[in-house]
Chemist: 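Structure in structure tokens, see below.
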Amino acid sequence: MKKKWLLKSEPDTFSIDDLQNKGSSLWDGVRNYQARNFLMEMKPGDEAIFYHSNANPPGAAGVAIILDSAKVDPTQFNPESEYFDSKATIEKPRWFCPEVGFKKKFSRLVPLGELREHEKLRNMTLLQKGSRLSVTPLVGDEFATIVDLGSSKKN
DNA sequence: GCCAACGTTGGC
DNA sequence: GCCAACGTTGGC
């Protein structure tokens, strides 16, 4: 069974356009255990909403597809990297990242405010108070609902 | 830039 | 194991 996810990224760092240009990318740099556990659950063929956080406006920007399940995140071993983790060792890596491919960019960015207003997205993890997780599962028809919004004109 | 809501760290 | 201090996230 294919699962659906939501991946947050700051567009100043890595945007849907960057993913489109590269075609695919390791989803590295996640340094939160709960988010990591979700990354490790991802399977090839799973799809994810690509969400722009810390943007103006923040919102859903497109769709990504998981190309390969999570493997060891190489940035944790690199002292030059901002994601370096001195407590991680080759024998006991802490962080893992899947390979993520570009699927599509929405015809319009669906702003956070509009996601909040949508009846069917009421229980979405992203919208819960204080939710800062950068990787969350989508349930029910949340994924399809957001894709519909991103593929249509604003009402 | 502000600040609420978290997560992590480290002394005890 | 508790918890205060600190750091980060992310909307506004």
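Just so it is clear: chains get the letters A, B, ... in the order the sequence lines come, proteins before strands, and each one is counted from 1. Note that these values count all heavy atoms, side chains included, but never hydrogens, waters or copies made by symmetry.
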Chemist: I'd like to compare against my own output: the B/S/- annotation of nucleotides 2-7 of chain B with a strict under-4.0 Å heavy-atom distance to protein.
Modeler: ---BBS

Chemist: Can you tell me the distance, in whole Å, between the CG atom of L126(A) and the C1' atom of dG11(C)?
Modeler: 11 Å

Chemist: Taking the side chain as every heavy atom from C-beta outward, state whether F50(A) and K103(A) have any atom pair closer than 4.5 Å.
Modeler: no

Chemist: Any chance NZ of K71(A) has more than 12 other-residue heavy atoms, nucleotides or ligands included, within less than 6.0 Å?
Modeler: yes

Chemist: Checking the side chain of E117(A) only, and the main-chain atoms of E114(A) only, is there a donor and an acceptor separated by less than 3.5 Å?
Modeler: no

Chemist: Check the phosphate of dG11(C) against Y51(A), side-chain N and O only, distance under 4.0 Å to OP1 or OP2. Yes or no?
Modeler: yes

Chemist: Within this structure, what is the CG-to-P distance between L133(A) and dT9(C), rounded to whole angstrom?
Modeler: 12 Å

Chemist: Tell me, which of residues 54-62 of chain A have any heavy atom that sits under 4.0 Å from an atom in DNA chain C?
Modeler: N54(A), P58(A)

Chemist: Starting at CG of L7(A) and ending at P of dT9(C), how long is that distance when rounded to a whole Å?
Modeler: 16 Å

Chemist: Only one of E80(A), R31(A), E82(A) passes side-chain hydrogen bond (donor to acceptor under 3.5 Å, both in side chains) with T75(A); say which it is.
Modeler: R31(A)

Chemist: Can you check whether G150(A)'s main-chain N or O pairs, donor with acceptor, with S107(A)'s side chain at less than 3.5 Å?
Modeler: yes

Chemist: Could you label the plane-to-plane angle of the F14(A) and W27(A) rings as parallel, tilted or perpendicular, counting under 30° as parallel and over 60° as perpendicular?
Modeler: perpendicular

Chemist: Nearest whole angstrom, please: distance from the C1' of dT9(C) to the OH of Y83(A).
Modeler: 13 Å

Chemist: With distance as the sole criterion, is a donor-acceptor pair present between the side chains of R132(A) and S53(A) under 3.5 Å?
Modeler: no

Chemist: Find the distance R36(A):CZ to dT8(B):C1' and express it as a whole number of Å.
Modeler: 15 Å

Chemist: Determine, using ring centers only, whether Y33(A) and W95(A) are less than 6.0 Å apart.
Modeler: yes

